[in-house]
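Notes follow once the structure below has been shown.
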Amino acid sequence: HHAIVRPDALKWVAPAAYAKGAQIAVLKGDPSKEGVYIVRLKVPAGFKIAPHTHPNDENVTVLSGAFGIGTGPALDEKKGEVIKTGGYSFVAKGMQHYAWFPEETVLQLHGTGPQGITYVNPKDDPRKTN
């Protein structure tokens, strides 16, 4: 079995778990269920993801743009590192981390689900009504 996914055939949707401006496209699997998944995340320049954790290991490849990542409970760009196109990052299950994007960026994320996101500060979660 094999599959081909053409970039012009991707179905981009706004994920509830991220602030306005983020878009996600599923390439393989279902990240909310058990099993392998592959998704792409597209964000505009200046986008930020507040400190959070995941219930699974996550593999991140920068397809275009630049991805800043740091660890800990507070977003501090000075304590992180920027990964450019072609770079890769591994984020272990349960590790507190955050992200920022100095330019429009497309990431490819893959792992074994179920995948999810829990914000360190619940007020940062766009799914919550404040």
Side-chain angles (χ1 to χ4, degrees):
H1 175 72
H2 82 273
I4 296 171
V5 179
R6 299 187 196 295
D8 60 348
L10 293 175
K11 291 180 175 75
W12 294 96
V13 298
Y18 295 104
K20 184 178 178 180
Q23 297 179 65
I24 197 164
V26 176
L27 278 73
K28 179 177 176 48
D30 181 341
S32 69
K33 297 182 179 171
E34 289 194 26
V36 173
Y37 67 89
I38 303 170
V39 299
R40 290 197 180 156
L41 175 67
K42 180 170 35 174
V43 296
F47 193 82
K48 295 183 180 186
I49 303 174
H52 61 279
T53 62
H54 299 292
N56 63 314
D57 292 341
E58 183 175 65
N59 299 277
V60 183
T61 303
V62 182
L63 298 182
S64 65
F67 161 56
I69 185 168
T71 60
L75 197 153
D76 184 347
E77 294 177 24
K78 293 179 185 134
K79 293 184 179 179
E81 184 173 346
V82 175
I83 303 166
K84 297 187 178 193
T85 299
Y88 166 84
S89 174
F90 171 79
V91 179
K93 171 183 176 178
M95 184 178 84
Q96 292 183 350
H97 63 288
Y98 50 87
W100 72 96
F101 302 85
E103 58 191 88
E104 182 177 90
T105 301
V106 177
L107 302 178
Q108 185 156 296
L109 308 142
H110 71 275
T112 303
Q115 196 273 351
I117 184 169
T118 302
Y119 288 91
V120 172
N121 182 344
K123 290 181 181 180
D124 292 329
D125 191 337
R127 297 167 292 195
K128 309 272 186 200
T129 53
N130 296 327

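Heads up: numbering here begins at 1 and tracks the sequence.
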For Lys84 and Val62, the nearest pair of non-hydrogen atoms, with its separation, is O-CB, 3.6 Å

Would His110 and Lys28 satisfy side-chain contact (heavy atoms from CB on, under 4.5 Å), going step by step from the backbone distance to the final call?
CA-CA 9 Å; His110 71 275; Lys28 179 177 176 48; over 6 Å; no

What are the two closest non-hydrogen atoms of Arg40 and Leu10, and how far apart are they?
NH1-CD1, 3.9 Å

Point-to-point distance, once rounded to the nearest 0.5 Å, from OH of Tyr18 to CZ of Arg127:
8.5 Å

Derivation and outcome, side-chain contact (heavy atoms from CB on, under 4.5 Å), residues Ile117 and Glu58:
CA-CA 11 Å; Ile117 184 169; Glu58 183 175 65; over 6 Å; no

Residues Gly21 and Pro44: closest non-hydrogen pair is O-CD, 3.3 Å

What's the verdict on side-chain contact (heavy atoms from CB on, under 4.5 Å) for Lys79 and Tyr98, showing C-alpha distance, side-chain angles and the deciding distance?
CA-CA 11 Å; Lys79 293 184 179 179; Tyr98 50 87; 3.9 Å; yes

Closer than 3.5 angstrom, by distance alone: can the side chain of Asn59 be matched with the main-chain N or O of Leu109 as a donor-acceptor pair?
no

Is Asp8 salt-bridged to Arg6, going by a charged N under 4.0 Å from an acidic O?
no

Under 4.5 Å between side-chain heavy atoms, counting indirect links through other Ile/Leu/Val/Met/Phe/Trp/Tyr residues: same cluster for Val43 and Trp100 or not?
no

Side chain Thr85, main chain Gly65, donor-acceptor under 3.5 Å
yes

State, to 0.1 Å, how close Asp124 and Ala50 come at their nearest heavy-atom pair, and which atoms those are.
OD2-CB, 3.4 Å

Using the side-chain contact (heavy atoms from CB on, under 4.5 Å) definition, which of the options Leu75, Asn121, Thr71, Asp76 pairs with Pro51?
Leu75

No-hydrogen, no-angle side-chain donor-acceptor test under 3.5 Å, Asn56 and Tyr37:
yes

Within one Ile-Leu-Val-Met-Phe-Trp-Tyr cluster: Tyr119 and Val60, side-chain cutoff 4.5 Å
yes

Return the CD to OG distance between Glu103 and Ser64, rounded to the nearest 0.5 Å.
8.0 Å

Could you state the interatomic distance from CG (Leu107) to OG1 (Thr61), rounded to the nearest 0.5 Å?
8.5 Å

Determine whether His54 and Gln115 satisfy the following criterion, side-chain contact (heavy atoms from CB on, under 4.5 Å), listing intermediate values before the conclusion.
CA-CA 7 Å; His54 299 292; Gln115 196 273 351; 3.2 Å; yes

Is Val36 linked to Val5 within one hydrophobic cluster, defined over Ile, Leu, Val, Met, Phe, Trp and Tyr using a side-chain heavy-atom separation of less than 4.5 Å?
no

Heavy atoms of Ala45 and Pro102 approach each other most closely as CB-O, 3.9 Å

Glu81, CD: over 12 other non-hydrogen atoms inside 6.0 angstrom:
no

Shared hydrophobic cluster for Phe67 and Leu41 (ILVMFWY, side-chain gaps under 4.5 Å):
yes

Looking only at heavy atoms, which two atoms of Val82 and Ala66 are closest? And how far apart?
CG1-CB, 3.8 Å

Hphob cluster co-occupancy, Ile24 + Ile38, side-chain heavy atoms under 4.5 angstrom:
no

Given 3.5 Å as the limit, does a donor-acceptor pair link the side chain of Ser32 with the main chain of Asp30, or not?
no

Between His52 (side chain only) and His97 (backbone N and O only), is there a donor and an acceptor less than 3.5 Å apart?
yes

